Amino acid sequence: MAASFPPDRDNDGLVAKPRPGDNAEPLSVSEISQMLKRTVEDRFGFVRLRGELSGVKRAASGHLYAALKDDKAVIDAVMWKGNAGRLPFRPEDGLEVVASGKITTYPGRSKYQIVIERMELAGEGALLALLEKTKARLQAEGLFDESRKRALPFLPRTIGVVTSPTGAVIRDILHRLADRFPSRVIVWPVLVQGQGAADQVAGAVRGFSAMAQGHPDRPDLVIVARGGGSIEDLWSFNEEAVVRAIAECSIPTISAVGHETDTTLADFAADRRAPTPTAAAEIAVPVRAELAAALADYGARKKRAILRPVQLGRERLEARAERLPSPEALLQPQAQKLDELADRLRRGLQDRAGQGREKLGNLRLSPAMLTRGLREAQRSLAGVRLSPAVVRKPIAEGRERLAALERVMRSLDPDTVLKRGYVRVTGPDGRTLTDRVEAAKEALLTLKFRDGDLAVSTGAAPPAPSSPAPRPKPAKKGTPPAQDDLFG
């Protein structure tokens, strides 16, 4: 025990003075803090604490700060960036964990704390609790909504598989694809268990998704696969990074993690869940033999559908042809009628000829009758005269129509307004330009004034040489423009 000295009334005062027999100098606060730090670290150099996380906070530097508590006590905890980055799960408030590390002090606040080097979940119950919390949080964000899931391609040409290249999973998938419909498979090798597995799986899915459209190696379907195991073995596929990568993938995805009874968060985020990796291959492609049989059946049905109307038409034609009368039966009445008409025609000609002979025999014209008839004919022809108005009226009407068309032509002539100060802009091909954009594309423009043309350069690059359209030849001076026939 430390020796106690009676109070020295002689030394009471404002300034500290050494006491008789006392050769110990007073300690500074820093010195006593360092002595306490060494004592605590020597005594508690390695401890394992079980408690509930509270106040979890990750600083910008990457360090993790939290507190471990139970129903009676609480201790501050810190986990440096290197160890925090290797955690296989995301620390959250309320998780029960087992933390391994050393007890130390923080002189700045006169507090003791544990520096955590390793953190594990305290049993499978804590692991399931963390799974439920993560599932609820991601589901609230809409990552598991059925409305955002897409239909799988019917026959993918290229299939991307994210799995371990050495396990039995990839061999089962390849074997099943070869049996059903051989397809091109691109394997992105990753770890499917342990430290860093989640980051590799997420990176592989994002790598497939980042391939540009039209890239020869871009798959039409992505399968994320792993064999069965415990919840700890499959935990990488419950990590938030993997779930978000699958949900954000621009390519339809199938999750085939574990056996039929195993369920991970990756199954909820994928567009389709397969109970096993082999089932994923069955979902990915149809059976080629069944497709060939279906195509053959469709071809036969198509052929029958095409031939059936022809066959029915032939049967109807034959049935109707049997009911038609023979050509002799159709022609006999007409032949009989023809004979009757021929006989009537012969008798009628004979009667008319006899009547003509009789009239000719009774007709006797005297010369006086012929003279009188000729004079009457001359008098009737002398009264008929050709009036000039009959010819002049159509000519006058034609001139009026021609003058009206000329006035319309002059009103529509674009060069008429040039006399009033306007200018018409034409291109090298003689075409009138009405838009500034079209005029800016031409290297050479022609401005038409009332008294002549003016060539102007715009400075634009000349267009590529091409065979220009032939310009119409100007009409010869004094030649009127072609007009339609006014009297046609």
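Just so we're clear, the structure is a prediction, and the values are computed from it rather than from any experiment.
- The side-chain contact (heavy atoms from CB on, under 4.5 Å) test with Pro277 singles out one residue from Ile254, Ile173, Val257, and that residue is Ile173.
- More than 12 non-hydrogen atoms from other residues, nucleotides or ligands lie less than 6.0 angstrom from NZ of Lys133.
- Thr166 and Ser164 are linked by a side-chain donor-acceptor pair at a separation below 3.5 angstrom, with hydrogens and angles left out of the test.
- Residue-environment remark: CZ (Arg273) exceeds the threshold of 12 foreign heavy atoms within 6.0 Å.
- Ion pairing between a basic and an acidic side chain is recognised when a charged N comes within 4.0 Å of a carboxylate O; Glu92 and Arg137 show such pairing.
- Using a 4.0 Å cut-off between a side-chain N of Lys or Arg and a carboxylate O of Asp or Glu, Asp70 and Lys72 do not qualify as a salt bridge.
- With respect to the salt-bridge test (charged N to carboxylate O, under 4.0 angstrom), the residues Lys102 and Glu117 do not qualify.
- Using modelled atom types, one finds a donor on one side chain and an acceptor on the other under 3.5 Å when comparing Gln193 with Asp233.
- For Lys135 and Phe268, the positive end sits near the middle of the six-membered ring, less than 6.0 Å away and at most 45° from its axis.
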Chi angles and distances behind the salt bridge (Lys or Arg N to Asp or Glu O under 4.0 Å) call for Arg431, Glu438 = CA-CA 11 Å; Arg431 181 171 53 91; Glu438 294 183 1; 3.6 Å; yes
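- Shortest non-hydrogen contact noted between Leu265 and Phe144 is O-CE2, 4.0 Å.
- Applying the ring-ring contact (aromatic ring centres under 6.0 Å, His included) criterion to His63, with sequence neighbours excluded, gives Trp80.
- A salt bridge is defined here as a Lys NZ or Arg NE, NH1 or NH2 lying under 4.0 Å from an Asp or Glu carboxylate O, and Glu282 with Arg176 meets this definition.
- Heavy atoms from other residues, nucleotides or ligands lying under 6.0 Å from CD of Glu315 number more than 12.
- A donor and an acceptor atom, one from each side chain of Asp453 and Thr446, are nowhere located under 3.5 Å apart.
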Is there a side chain to side chain contact (heavy atoms under 4.5 Å, CB included) between Leu68 and Glu52 once you walk through the steps?
-> CA-CA 5 Å; Leu68 289 175; Glu52 180 181 324; over 6 Å; no
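- Side chains of Lys37 and Thr104: a donor-acceptor N/O pair is present below 3.5 angstrom, by distance only.
- Other residues, nucleotides and ligands contribute over 12 non-hydrogen atoms within 6.0 Å of the CZ atom of Phe46.
- None of Gln113, Arg118, Met119 except one satisfies the side-chain contact (heavy atoms from CB on, under 4.5 Å) rule with Ile116; the exception is Met119.
- The pair Arg150-Asp271 meets the salt-bridge criterion, since a charged nitrogen lies less than 4.0 angstrom from a carboxylate oxygen.
- Salt bridge absent: Glu318 and Arg323 never bring a charged side-chain N and a carboxylate O closer than 4.0 Å.
- Considering only residues two or more places apart in sequence or on other chains, Trp235 meets the ring-ring contact (aromatic ring centres under 6.0 Å, His included) condition with none of them.
- Put simply, the side chain of Leu177 reaches to within 4.5 Å of the side chain of Val185, judged on heavy atoms.
- A side-chain donor-acceptor contact under 3.5 Å links Thr432 and Arg424.
- Ser250 and Arg218 share a donor-acceptor pair across their side chains, judged by distance under 3.5 Å alone.
- Residues Arg184 and Asp217 are paired through a salt bridge, judged by an N-O separation under 4.0 Å between the basic side chain and the carboxylate.
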